[in-house]
A.B. asks: 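Sending over a structure as structure tokens; questions will come in a sec.
Convention: sequence-line order gives letters A, B, ...; per-chain numbering from 1. What you see is a predicted model; the values in this text were computed from it and never measured.
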Amino acid sequence: MLPGMGDDTCAITLKVNGSTLRLQVAPWTTLLDLLRERLGLTGSKKGCDHGQCGACTVLVDGVRINSCLSLAVMRDGASVTTIEGLAEGDALHPLQQAFIENDAFQCGYCTPGQICSAVGLLAEGHARSDDQIRELMSGNLCRCGAYPNIVAAIGQAMRPRRDA
Amino acid sequence: MNRFGYTRASDVGEAVHAAANGDAAQFIAGGTNLVDLMKERIAAPSRLIDITRLPLRAVKSLPDGGLEIGALVSNSEVASHPEVVSRYPLLSQAILAGASPQLRNMASTGGNLLQRTRCYYFYDAALPCNKRAPGSGCPARDGVNRIHAILGASEHCIAVHPSDMCVALAALAATVHVTGPAGARAIEFAEFHRLPGDAPERDTTLQPGELVTAVALPREGFAAHSTYLKVRDRHSYAFALVSVAVGLRMVDGTIGEARLALGGVAHKPWRDPTAEALLRGQKPDDALFAAVGEHLVRDARGCGHNDFKIALVRRAVVRALQQAVAGGPRA
Amino acid sequence: MTTGKTGEPHDRVDGRAKVTGQARYAGEFTAPDLVHGFVVGSAIARGKIVRIDAAEALALPGVLQVYTHENTPRLAWRDRSWRDMVAPGGSPLRPLHDAEIRFSGQPVALVIAESFELAREAAGLVKVDYEAAPHETRLAEVESEAHEPARGKKGYTPPPKPRGRADEALAAAPVRVEATYEHPPLHHNPMEPHATTVIVEADGSLTIHDKTQGVSNSRDYVCKVFGLASDQVRVVTPFVGGGFGSGLRPQYQLFLAVLAARELRRSVRVVLSRQQMFTIGYRPWTRQRVALGAERDGRLCALIHEAVGNTSRFEDYCENVVPWSGVLYECPNTRLEYGVAALDLYTPIDARAPGAVTGLWALESAIDELADALDIDPLALRLKNYAEEDQDHRRPFSSKALRDCYREGAARFGWHRRTLAARSMREGALQIGWGMATGIWEAQQAPSQAKALLTVDGRLHVASASGEIGPGTYTIMSQIAAEQLGLPLAAVRFELGDTALPPAMIQGGSATASSVGSAVLAVCRALQHTLLKLAQALPDSPFGGRTLADVEFVDRGLRLRSGVAPAVPLAAIMRHAGLGSIAEQATAIPDLARQSRYTSNAHSAVFVEVAVDEALGTVTVRRVVSAVAGGRILNPKTARSQILGGVVWGIGMALEEHSMLDHGLGRFVNHNLGEYHVPVHADVPAIDVVFVEERDDVVNPLGVKGLGEIGIVGVAAAIANAVFHATGRRIRELPITLDKLL
């Protein structure tokens, strides 16, 4: 057992959206609950709490995961990026911008998860067609049915900008 | 979720030792199923032993020409690993047919083997379930059993194993390497999962405290003629109603060797060597495939809502064999 | 600069908040003294609690209290205090009121703890013993006991009286079809679970963030139930993570959170788990019989539509399932009937296009069956029976561009290339099917108010206690206001979702654009009026003796329509009057005298292509064209999104969604998003949305009909009809899962 690993809370270090945080967490606290309840980062959403909707998707060390099924204590030392950490100052991430331009959301509740998932998707580099985007985004439910616009937004972000 | 202790293990020996010291300790890696179960109080370990820092992340070629996949290699990494993609496309396809990219990024190879059933009743702590609370009964039998077993079920349990990856591993005749208090051992894949019988609470033949360390694939990967066919209620992100993993070795237009496993139909990935024997040495044709399908369901029994799975297996087997002969799902 | 015109596509004004995670939903507000509640639901469907033992839960350090029927104070006594604005007739659920269990999952305890995890753990330790009583959850068993719903539900209209002699006409008809159609209970499952955060302010008053489609409804409910004055309760909900009807009525977490907050004098949050989202309302299980009689040329001579939907034992939920059948097609002999039958389930609640979705699924399937029986193209059959007036009410339509929907939709889809016979279109191993259906929804307007504050710096703040469940309310209201005052969109801020603002109708029934939009229009007109009067006082004013009809508001200023002179800046007008700001408030009330002389409906024609893999029974929706006549379109971008959403819901209803009941347990068992299948990305193809031109000056001053519902209506039938065309198999029980096609 590592030092500091008592049965009640554990000391961990997390880098969240670029800031390094030292935290005491109970082992049963999920990364999602830590973000939402402790750190006030409510952008990551709880839609099912069981890995069945994707609303809680965040990037851990650049990889998209369901934060609701991840125990915070197990992410000790990791770097977490949430929806709040994507924009650089006032400049939105290209996917955020593409979601706005393509009206890729309605109620907005699944949106942070969709966007973080899409960031992960682009990094993975496996999607080349709209059908592949659909398959590889299927872990993110959208009950408002914005799917066609989400696919369009991701397609737009995948293509190099003409003015770039 | 109950409160529990947490131990982070740094090597396999330490992990196994820690497990042996706690009466209700459990290993945790990806957590995609265990955390889920703990939230519903289906699992309530006294202690979690975090094995994610163990050195079990390698994919390495074996001297016999096979491939060993460390227990902590994520499902995504396995599915896109060049050796797997080129030599065991069946495994890659099966993994990609399951869950979502996020879950595959988290889920480990070892954990995938230990997924628990998705039976509605198992997941609802307010209800009886022999798997969750032995002796409490099985409401699925006379209840909503659309997703339940048609093969190998018992009066105590009609749950099915939910994994896609395991169906491919069954067809590929993988070996599971484990280490426990009594040392290391290897388990043939067909022996790893068990049928419910009168002890449905046990999904596998793992002994208490044993840790999966690796999965080894034999040399033959059936790369030229394999397919994973998954039939489900929506086009992605749903468990299989029926799935079929097929690997064929074709010799001059004849089936030299055949492997076939079914998912979604039983408490374990269902591999029937007698069905494979029907294919061996034969020229592929639809009548033969239909006969194989028929043979596979010869002892199948539905509970009402899942009766359709019997017909579906027959048809899915024919389709999967056709695809495998043609070279794969897209050919 | 983006000018704020209506009719032009605009990005959502709340887009930035939503893509950066800054939009805050009900369960995301907090307070330093916040504690968390977790609900314990009943394990049985009917009976009594004989014992509740919370000792083990209470013994956990950090658990503050466990509320059950044994320690919950007696609250309002009369049913009417518990009845919210849109409650159906009956006796609403009173959570934790007594030992009686009325449905599986009914809240029986609320655990309050210092953390969410602790409350959840403690909830698992509450032991409840029941004495079960026999329950019934099978619709077929109670169908014969169907009754007319008790009065009380707003918006419910009993079926019209029969016209002609439908049964005799049917018996004599040369061609007849008759069938029964059914769909199961369907839960809304908005992505945001129902949640309430109650913040206890220093003065003891409550600020409540509730997931609701009507802040006033939640506020009034809390005041009545807890006996509070309306100034003691403020409900603030700036964003709602999807409603689809599930937020029309206060759900039990609102009551529970307020109860605990009042008892403990601490801020409390209660969020339902996804599983618990299956213990609130749903689209009711409904069985329908449709019988059509026609002449050989396709003219309808008899139409019978009978429906029975389920309700609970304590309230009569009801919806308008059958009236559409009397209005959509011309037919001299019609008989429409509707009843509700009680099951031991919770009361259903309106779900996207309530009633119409249900009725049109049956009617539009039956019309397709008739077309097949007649060997007539299904679109041609609909055109042959096109209704030019509302026969049931003997009045004209205020507008009806359905013919244009049929024409433009068919053209976009390429319908003329369809071959008539079932099983006549193949593509390799796939059977291809083309199907279509009609959609209809009522255009409604309800009284609403808005206020506006124009400041001399050129900013306009408009507000109304409406909601934003996702349709784009913030955006279109800003557009209306910006257009009226000639301001850039960025200069307008629209505020909603707060009972401190002027009251608005509940957000539902596709009536927000119509109702709240008209209020925004009215308050902007009031500002215009004031500004014109002030402008007339300017030295050498060009506006003397002019009326609003003579002027226009453009480029942040006012000018004569006829003139060439540049606009006089609004700021100059206000400065001259010595005003830093101008405030107005206005109410928009529907012109009932005029509206009641017409029938006003939105319409759609939806065309679908499916591919069926017959060996495996799987259905793939490959493309959809939805042509909509919805009056004036305020924002084509957000409008299209609403139709997309409706179509996706239709795909789910047709092929996937099914709240499965275990009748032995009387419980929904697939109560999670892994096993209750809503469409995923991979299920949804490209969807082509067409808005046909439709002018209507009767429905409301804006000429809008509302779009939240119309997109889903008819989609399930269009898909079922396409499946029939592909396979020759008519599936009359939804969802069309693969087992039904094997």
A.B. asks: Is C:Ser641 close to A:Phe105 at the side-chain level, that is, under 4.5 Å between some pair of heavy atoms?
C.D. replies: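 Side chain of A:Phe105 against side chain of C:Ser641, heavy atoms only: no contact under 4.5 Å found.
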A.B. asks: Determine the minimum heavy-atom distance between A:Cys107 and C:Gly241, stating which atoms define it.
C.D. replies: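 Minimum heavy-atom separation between A:Cys107 and C:Gly241: SG-C, 3.3 Å.
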A.B. asks: Measure across C:Asn672 and A:Gln52 and return the closest heavy-atom pair with its distance rounded to 0.1 Å.
C.D. replies: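 The answer is CB-OE1, 3.3 Å.
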A.B. asks: Name the region of C:Phe29, side chain, backbone, both or neither, that has any atom closer than 4.5 Å to a heavy atom of chain A.
C.D. replies: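 When you check distances to chain A, no heavy atom of C:Phe29 falls under 4.5 Å.
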A.B. asks: Looking only at heavy atoms, what is the nearest atom pair of A:Lys46 and C:Pro193, with distance?
C.D. replies: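 Scanning both residues completely, I find the closest heavy atoms to be O-CD, 3.3 Å.
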A.B. asks: Can you tell me which portion of A:Ile115 sits under 4.5 Å from chain C's heavy atoms? Options are side chain, backbone, both or neither.
C.D. replies: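 A:Ile115 touches chain C through side-chain heavy atoms alone.
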A.B. asks: On a heavy-atom basis, which atom in A:Cys48 and which in C:Leu673 lie closest, and how many Å separate them?
C.D. replies: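 The answer is CB-CD1, 4.1 Å.
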A.B. asks: Under a 3.5 Å cutoff, is there a donor and acceptor pairing between the side chains of C:Ser115 and A:Glu37?
C.D. replies: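 The criterion, which ignores hydrogens and geometry beyond distance, is not satisfied for A:Glu37 and C:Ser115.
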A.B. asks: Most heavy-atom pairs under 4.5 angstrom with chain A, which of C:Arg269, C:His36, C:Arg640, C:Glu192?
C.D. replies: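 Top count of heavy-atom pairs under 4.5 Å with chain A: C:Glu192.
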A.B. asks: So for C:Ile469, is it side chain, backbone, both, or neither that comes closer than 4.5 Å to the heavy atoms of chain A?
C.D. replies: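 The backbone, not the side chain.
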A.B. asks: If we define contacts as heavy-atom pairs under 4.5 Å, which of C:Thr20, C:Val647, C:Asn189, C:Leu34 has the most with chain A?
C.D. replies: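 If we count pairs closer than 4.5 Å to chain A, C:Thr20 comes out on top.
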A.B. asks: Using salt bridge (charged side-chain N to carboxylate O under 4.0 Å, His left out) as the criterion, list what pairs up with C:Arg352, not counting sequence neighbours.
C.D. replies: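 Counting only residues at least two positions away or on another chain, C:Arg352 forms no salt bridge (charged side-chain N to carboxylate O under 4.0 Å, His left out).
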A.B. asks: In terms of heavy-atom proximity below 4.5 Å to chain A, should C:Glu117 be classed as side chain, backbone, both, or neither?
C.D. replies: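 For C:Glu117, side-chain heavy atoms alone lie under 4.5 Å from chain A.
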A.B. asks: Could you tell me whether a side-chain N or O of A:Arg143 sits under 3.5 Å from a main-chain N or O of C:His188, the two making a donor and an acceptor?
C.D. replies: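 At least one qualifying donor-acceptor pair exists.
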A.B. asks: Does a salt bridge link C:Arg12 with A:Asp103, judged by any charged N lying under 4.0 Å from a carboxylate O?
C.D. replies: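 Between A:Asp103 and C:Arg12 there is a salt bridge, with a charged N closer than 4.0 Å to a carboxylate O.
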A.B. asks: Side-chain donor-acceptor contacts of residues 677-688 of chain C below 3.5 Å, not counting sequence neighbours, with atom names and distances?
C.D. replies:
from: C:His677; atom 1: NE2; to: C:Gly674; atom 2: O; distance (Å): 3.2
from: C:His681; atom 1: NE2; to: A:Gln114; atom 2: OE1; distance (Å): 3.2
from: C:Asp683; atom 1: OD1; to: B:His235; atom 2: N; distance (Å): 2.8
from: C:Asp683; atom 1: OD1; to: B:His235; atom 2: ND1; distance (Å): 2.8
from: C:Asp683; atom 1: OD2; to: C:Val680; atom 2: N; distance (Å): 3.0
from: C:Asp688; atom 1: OD1; to: C:Arg412; atom 2: NH2; distance (Å): 2.9
from: C:Asp688; atom 1: OD2; to: C:Arg412; atom 2: NE; distance (Å): 2.9

A.B. asks: Heavy-atom cut-off 4.5 Å, strictly under: side chain, backbone, both or neither for C:Thr638 against chain A?
C.D. replies: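 Both backbone and side chain of C:Thr638 come within 4.5 Å of chain A.
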A.B. asks: Select one option (side chain, backbone, both, neither) describing which atoms of C:Arg24 are under 4.5 Å from chain A's heavy atoms.
C.D. replies: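 When you check distances to chain A, only side chain atoms of C:Arg24 fall under 4.5 Å.
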A.B. asks: So which part of C:Ser273 gets closer than 4.5 Å to some heavy atom of chain A, the side chain, the backbone, both or neither?
C.D. replies: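 When you check distances to chain A, no heavy atom of C:Ser273 falls under 4.5 Å.
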A.B. asks: Could you check which of A:Pro112, A:Cys144, A:Gly43 has the highest count of heavy-atom pairs closer than 4.5 Å to chain C?
C.D. replies: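 Among the listed options, the one with the most contacts to chain C is A:Cys144.
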A.B. asks: For A:Tyr109 and C:Tyr25, which heavy atoms make the closest approach, and how far apart are they?
C.D. replies: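 Smallest heavy-atom distance, with atoms named: N-OH, 3.5 Å.
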A.B. asks: Quick one: what part of C:Gln22 sits under 4.5 Å from any heavy atom of chain A, side chain, backbone, both or neither?
C.D. replies: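 Just its side chain gets close to chain A.
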A.B. asks: Any heavy-atom pair between the side chains of A:Trp28 and C:Glu121 that's under 4.5 Å?
C.D. replies: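 Not in contact.
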A.B. asks: Could you tell me which residues satisfy ring pair (Phe, Tyr, Trp, His ring centres under 6.0 Å) with C:Tyr474, sequence neighbours excluded, listed by chain and number?
C.D. replies: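 Testing C:Tyr474 for ring pair (Phe, Tyr, Trp, His ring centres under 6.0 Å), a comparison that skips the adjacent residues, returns C:Phe239.
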A.B. asks: Decide, yes or no, whether a salt bridge links C:Glu28 with A:Arg36 under the criterion of side-chain N to carboxylate O below 4.0 Å.
C.D. replies: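 A:Arg36 and C:Glu28: salt-bridged.
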A.B. asks: When you measure from the side chain of C:Lys637 to the backbone of A:Glu101, do you find a donor-acceptor pair of N or O atoms at a distance under 3.5 Å?
C.D. replies: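 At least one qualifying donor-acceptor pair exists.
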A.B. asks: For the pair C:Lys18 (side chain) and A:Gln106 (backbone), establish whether a donor and an acceptor sit closer than 3.5 Å, ignoring hydrogens and angles.
C.D. replies: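 A pair under 3.5 Å: yes.
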A.B. asks: Closest approach of A:His50 and C:Gln275, non-hydrogen atoms and distance?
C.D. replies: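 Scanning both residues completely, I find the closest heavy atoms to be NE2-NE2, 3.3 Å.
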A.B. asks: Where along residues 648-657 of chain C does a heavy atom come under 4.5 Å of chain A, listed by residue number?
C.D. replies: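 Near chain A, by residue number: C:Val648, C:Trp649, C:Glu657.
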A.B. asks: With respect to chain C, which residue among A:Asp131, A:Thr82, A:Leu92, A:Leu95 yields the maximal number of heavy-atom pairs within a distance under 4.5 Å?
C.D. replies: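 Between A:Asp131, A:Thr82, A:Leu92, A:Leu95, the count favours A:Leu92.
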